[in-house]
Amino acid sequence: MTPTAARLDSFHRRLLDWFDDHERDLPWRHDGTTAWGVFVSEVMSQQTPVARVAPIWAEWMTRWPRPADLASVPEAEAVRAWGRLGYPRRARRLHAAAVAMVEDHAGEVPDTEEELLTLPGVGQYTAAAVAAFTFGRQAVVVDTNIRRVHARWETGHALPEPSLTRREMALAAELLPSEESGLSPRYNAAVMELGALVCTARSPRCGDCPLLDDCAWIAAGRPEPHYTPKGQPWAGTKRQIRGAIVGHLREREDGDARTTTIQAVVGSVQPSPEPSRVEECLEDLIREGMVTQDGDRVTL
DNA sequence: AACTCGTGGCA
DNA sequence: TTGCCAAGAGT
C-alpha cells in the first residue's frame, strides 16, 4: 500500500512536469496576490467551481483589499456582495474571519495551520491550502480532486468514498514530497489541478494523463463506481426554499439594503410550498443571522 | 458519523 | 431533460 520510492519519485516528477505546462491562469495565482487574497479565494471555492468564483473574487479584492477593510463594514454587506456563489453562510464566516484577524492576529492572515483552523469557515482543507499556497508550508492538502486522483492512482477505485477517512489522510501524507525537497506546495497544487482538468469525476481524459501507465484504476480495467441511490426531490426541500428566499431578497434592491415584506417573500417562492413552510425557513434564516427582521419587513 | 447548507453548468 | 458534481465546514 505504501508505494516504492521509485514509483513515488516518478509520481512527483510527472505531476510537477505536467503542471508546468498546464497550470491554469487563475487570478489569485498572479504575482502580488496577498495572503488575504488567497484566503478569500479558498473560502469562495469551497464546493464552488473556480470559474464562477473569479469575477466575485476580483470585486472583493478591489473593495476589501485587506482583512480590516472587510471587517469594518456590516456583515450584511458581505452577504450581498456574495452574489450567487451559493452557501451564503460562507460570506458571513468570511466576514467573521476578517474580524478575528483584526482582533486576534494584528489584521493579518495567520500563517500556521493551527491558527488558521481557529477561524470561522476554515476547516482541514482550507487551513492546509492557505498554509501551503500562500505561506509555502509543508501541509497535507486534501480536497475532492486530490481524493479522486489518489483513489484512482493508488487504490484503483473510480471514486473515493463519500466521507474523508483517516486512511486517505495517511496516504496523502505518505505521498507528499519531503520537507527538504521544498516541492510540497507546488505538488499539492499540481495534484489538485490534475483532478480538476484531467482526472475528472465524469469522463476523465486519461489520454492526457501523465500518470496513465502507472494508474491502479487503469490497471484494473477502469471499473465503474458503485452506484449509490440517494436521489431526493429538490423542490420543497428546505435548501430550495431558503435559496428562493435569499434569491428573492437579493433582487429586491432598495437603496443599499435589500428588503421586502414577509408576505412578499412567502408569495415569491416557486413552486409555492405551504406558507407555513416558507415562514419556517425564513425564521431559520433570521435566527441564523442571514436575514434581519423589522416588524413585517425582512432585509438581506 | 451522518446531515445540512446554494447554485449553475453539463453530459 | 435531469441527475451529478463542484478547491468543504459545522454540528
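All heavy atoms count here, side chains included; hydrogens, waters and symmetry mates do not. Chain A is the first sequence line, chain B the second, and so forth, proteins listed ahead of strands; every chain is numbered from 1. All figures in this text were calculated on a predicted structure; none of them were measured in a lab.
Only the P atoms considered, B/dA11 is 15 Å distant from C/dA7, to the nearest whole Å. The same atom, C1', is picked in B/dG6 and in C/dC5; the two are 13 Å apart, to the nearest Å. Straight-line distance between the C1' atoms of B/dA1 and C/dA9: roughly 15 Å, to the nearest whole Å.
Rounded to whole angstrom, the span from the CD1 atom of A/Ile146 across to the C1' atom of C/dG8 amounts to 13 Å. Atom CD1 in A/Ile245 sits about 14 Å away from atom C1' in B/dC5, given to the nearest Å. Across the protein-nucleic acid pair, A/Asn145 atom CG and C/dG8 atom P stand 7 Å apart, rounded to whole Å. What separates CZ of A/Arg24 from P of C/dA6 is a distance of 12 Å, to the nearest Å. The separation between A/Glu280 atom CD and B/dC5 atom P is 10 Å, rounded to whole Å. Residue A/Arg89 contributes atom CZ, which lies 14 Å from atom C1' of B/dT7 at whole-angstrom precision. A straight line from CZ of A/Arg239 to P of C/dC5 spans 15 Å, rounded to a whole angstrom. Atom NZ in A/Lys238 sits roughly 11 Å away from atom C1' in B/dC5 (whole-Å rounding).
There is no side-chain donor-acceptor pair under 3.5 Å between A/Glu42 and A/Thr126. With hydrogens and angles left out, the side-chain atoms of A/Gln240 and A/Thr237 include no donor and acceptor closer than 3.5 Å.
Residue-level contact check: A/Leu164 touches neither bases nor backbone, having no heavy atom under 4.0 Å from any strand. A/Trp82 comes within 4.0 angstrom of no nucleic acid atom, judged by non-hydrogen atoms across all strands. Across all strands shown, A/Thr200 has no heavy atoms under 4.0 Å from either base or sugar-phosphate atoms. Residue-level contact check: A/Thr48 touches the bases, meaning some heavy atom is under 4.0 Å from a base atom. Residue A/Gln240 is out of contact with every strand shown, counting any heavy-atom pair closer than 4.0 Å. A/Pro88 comes within contact range of the sugar-phosphate backbone alone, with a heavy-atom separation under 4.0 Å but no base atom that close. A/Gly123 comes within 4.0 angstrom of sugar-phosphate atoms only, judged by non-hydrogen atoms across all strands, and of no base. No contact: A/Leu285 has no heavy atom under 4.0 Å from any strand. No engagement by A/Ala129 is indicated, since no non-hydrogen atom pair under 4.0 Å with the nucleic acid exists. No engagement by A/Val141 is indicated, since no non-hydrogen atom pair under 4.0 Å with the nucleic acid exists.
Look at A/Thr144 and you'll find a side-chain N or O under 4.0 angstrom from OP1 or OP2 of C/dA6. When the side-chain nitrogen and oxygen atoms of A/Arg90 are compared with OP1 and OP2 of C/dA7, none of them lie within a distance under 4.0 Å. Within the 4.0 Å cut-off from OP1 or OP2 of C/dG8, at least one side-chain nitrogen or oxygen of A/Gln47 is found.
In the set C/dA7, B/dC5, B/dG9, B/dC5 carries the atom at the smallest distance from any side-chain atom of A/Tyr87. Here the side chain of A/Asp143 is nearest to one of C/dA6, C/dA7, C/dA9, namely C/dA7. With B/dG6, C/dA6, C/dA7 as the choices, the nucleotide that has an atom nearest any side-chain atom of A/Ala201 turns out to be C/dA6. Of the candidates C/dC4, C/dA9, B/dT7, C/dA9 carries the atom nearest the A/Thr126 side chain, counting heavy atoms from C-beta on. Set against C/dA9, C/dC5, B/dT7, the side chain of A/Trp234 has B/dT7 as its closest nucleotide. Minimum atom distance to the side chain of A/Arg250 is reached by B/dT7, of the listed C/dA7, C/dC5, B/dT7.
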Handout entry: Steps toward side-chain contact (heavy atoms from CB on, under 4.5 Å) verdict (A/Ile241, A/Ile245)
Key = CA-CA 6 Å; A/Ile241 295 170; A/Ile245 292 170; 3.9 Å; yes
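One hydrophobic cluster holds both A/Val38 and A/Tyr125 under the rule that ILVMFWY side chains link at heavy-atom gaps under 4.5 Å. Residues A/Val99 and A/Val40 do not share a hydrophobic cluster, clusters being chains of Ile/Leu/Val/Met/Phe/Trp/Tyr side chains in contact below 4.5 Å. A/Leu194 and A/Leu183 fall within a single hydrophobic cluster, where Ile, Leu, Val, Met, Phe, Trp and Tyr are joined by side-chain heavy atoms under 4.5 Å apart, directly or via other members.
Taking the six-membered ring where the residue is Trp, A/His22 and A/Trp18 present parallel rings, their angle staying beneath 30° rather than reaching 60°.
Map A/Arg148 and A/Leu119 each onto its nearest nucleotide of DNA chain C; the residue landing nearer the 5' end is A/Arg148. Position along DNA chain C of the nearest nucleotide to A/Arg93 versus A/Arg52 favours A/Arg52 as the more 5'-ward residue. When each of A/Ser163 and A/Met290 is assigned the nucleotide of DNA chain B bearing its nearest heavy atom, the one mapping closer to the 5' terminus is A/Ser163.
The base of C/dC4 is paired with the side chain of A/Arg202 by a donor and an acceptor separated by under 3.5 Å.
For the pair A/Arg7 and A/Trp153, the cation sits on the ring face: its NZ or CZ lies under 6.0 Å from the ring centre, inside 45° of the axis.
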